[in-house]
There are 2 protein chains.
Amino acid sequence: MAQSNSDYSELHVRVAWYYYKAEMTQEEIATRLGLSRARVIKVLDQCRQEGVVSFHINSPFTNCLQLEKQVIDRWKLRDAFIVPAVDPPMINRNLGAAGAQYIERNLSKEETLLGFGWGNTVSLTLKHLSLMDHQKVSMVTLSGGITAYLQNTYREENNPLFKFNSRFHIIPSPLLVSFPNTCRLILEEPEVARIMQLAQLANIVVVGIGPMSANATFTQFGYITSQELEILQKQGGVGDILGQFYDKDGNRLDVDFHNRLVAVSLEKLKTMQHVIGVAGGAHKVEAIKGALRGGYIHSLITDEKTALELVQG
Amino acid sequence: MAQSNSDYSELHVRVAWYYYKAEMTQEEIATRLGLSRARVIKVLDQCRQEGVVSFHINSPFTNCLQLEKQVIDRWKLRDAFIVPAVDPPMINRNLGAAGAQYIERNLSKEETLLGFGWGNTVSLTLKHLSLMDHQKVSMVTLSGGITAYLQNTYREENNPLFKFNSRFHIIPSPLLVSFPNTCRLILEEPEVARIMQLAQLANIVVVGIGPMSANATFTQFGYITSQELEILQKQGGVGDILGQFYDKDGNRLDVDFHNRLVAVSLEKLKTMQHVIGVAGGAHKVEAIKGALRGGYIHSLITDEKTALELVQG
DNA sequence: GAAAAACCATTACAAATGTCACCGTCTGTA
DNA sequence: TACAGACGGTGACATTTGTAATGGTTTTTC
């Protein structure tokens, strides 16, 4: 019954099924399959990690729906998905799970192209996405800086890039380069230009929203020095999307290093089909408001606490 | 934050989210929400029961896929979904879970009409279907005999009939009546005829396959006496779909009580868009083979063990 | 072909989860 | 007012799940 090459996931699917669908205990499963209980535990762990099993929370009537409505109305959004708040260290994990569930349920049967922005939350969303064996999904990045997508993965096989049968199109370049000139040249490279054009066709785009602070992923990655950060703040910057900073009204700042970024421009982002912002946490509220005022995102995924601040502000 | 009337599910969604997505322990959840741990356990139970949370098993590469292919080829099916086998008493539960997951993943974004046949497995499928708040789903029955759909539910609010925002169209009649004449009159009733016509439009139809034995749900419900059963067996009957018996080649038997059934006929079933049979267990193998030979179903959902018998036979 | 690494069973223990019996509170009813 | 019944908290206990240490076996690597 076991198959040579597919043994690995064969076992995983089987264990996951027995545990989550047939509601057998781990001990029963171990006995039945001739494994140690410890092994069953490990396999189940991997199943959750790698999306062999995924949990969906369906609210039949209302949950944060009340709040969702308020946020949608107040900010003229297309859609909002608001999930229960968790404590700070876990916020991004939580939002990643939220983003993934949102995407999964909004995936149509048709061929879909998913666009992904840069950042920790986005990367976590990617991580939580379950392998969708039966769906035709391709993915494309909206910026350079591939490493950021990989930071939250454990091993190679567990890499989101491999989760999809279909293509993963990555802009082959760093996110930020040293000279505007280099940047221009990279953007003109056919291989790069091709992917950025492809990105325009994405059906769903997920972007993170970066706050204006020293502990933002963006600054922590060393893309911005603390002096530069100060300058940006002086110019009224409140946050960034795809590395591009804007003020509280959402106007893109006119700063040097925007010319050194390899990323889809905010202008182009505005023309895309469905841009979803995933962000939350007290320190991001101003950044989110700016993004909303700038009209860069159509839908917002966030947590309760943040959402409350967005409607009360 | 809590809302008067929606308190009930509000809490449920919150607890489920914290447990399954944020991976908090029950104790943490209890503390955070000011509940007893026992309560959290109960709420989680209800969440699983009522589909507030649902588990999906996604096989990235292969699982029983090998077998699925074989079954599809051998019987010229459109699709097959084969899940790990469990021990006899749990078979139907398992198949119900399988049926539900299959439907959920095959639901398109568009308005969908689901048709449901009669029987225990079908009823369990219905029970496992998660409330799909964002999907437009209507349901329609293919036969009389409403009670069968309710046998596996616990309380009123937990009733599948209420799971769907949208309409649930039920043929208002018993499954079997005493005289062919009564039957004819019922079928001519506009209210009945209307729904049976509607059923023709179903995008997906799920039917059970009944075996030819005294402990089949059909006989246990008292629709058939043991003498009648014997007669049917003598005539070559191997199983039934929607109360209609057929022989091993799938030819519908010519027996009296088919004229007393309020159900979509097998002939009409054959013209439907996508008919899915859900059935498994050693005692059903012959019935399933008959159904396959008769061409009554396009796709089959079953378990490994049964599938093996189907390809080896 | 030997050392290193990966894998897995086993065991014992710790933590989380599930069950139960008991109790108080609140609500509707006679 | 009294009483029944639903609900939910509490604490003891049983079961299940998770973790870590040990040791044997297989696979990889040089």
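Lettering follows sequence order; numbering is per chain, from 1.
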Set out, line by line, the N/O atom pairs under 3.5 Å between protein and nucleotides 8-13 of chain D.
residue : atom : partner : partner atom : Å
D:dG8   : OP1  : B:Arg39 : NH2          : 2.9
D:dG9   : OP2  : B:Ser36 : OG           : 2.8

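- Under the 6.0 Å distance and 45° angle rule, A:Arg105 counts as a cation-pi partner of A:Phe81.
- Checking side-chain atoms of B:Glu309 against main-chain N and O of B:Val285 turns up no donor-acceptor pair under 3.5 Å.
- Taking atom CD1 of A:Ile41 as the reference point, atom P of D:dT19 lies 8 Å away to the nearest angstrom.
- Screening A:Leu300, A:Ile82, A:Thr302 against A:Glu68 for a side chain to side chain contact (heavy atoms under 4.5 Å, CB included) leaves a single residue, A:Ile82.
- Residues from residues 21-33 of chain B that place a heavy atom under 4.0 Å from any atom of DNA chain D: there are none.
- Looking only at distances, a side-chain donor or acceptor of B:Glu28 sits under 3.5 Å from a matching main-chain atom of B:Thr25.
- Atoms CG (A:Asp45) and P (D:dA20) sit 12 Å apart, rounded to a whole Å.
- Partners of B:Phe218 by ring pair (Phe, Tyr, Trp, His ring centres under 6.0 Å), not counting sequence neighbours, listed by chain and number: B:Trp118, B:Tyr223, B:Phe245.
- Without hydrogens or angle criteria, A:Asn94 side chain to A:Pro84 main chain gives a donor-acceptor distance under 3.5 Å.
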| task | Run the numbers on B:Tyr20 and B:Arg48 for side-chain hydrogen bond (donor to acceptor under 3.5 Å, both in side chains), then give the verdict. | result | CA-CA 11 Å; B:Tyr20 286 106; B:Arg48 284 180 294 249; 2.7 Å; yes
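- The backbone N or O of B:Gly96 sits nowhere less than 3.5 Å from a side-chain atom of B:Lys127 that would complete a donor-acceptor pair.
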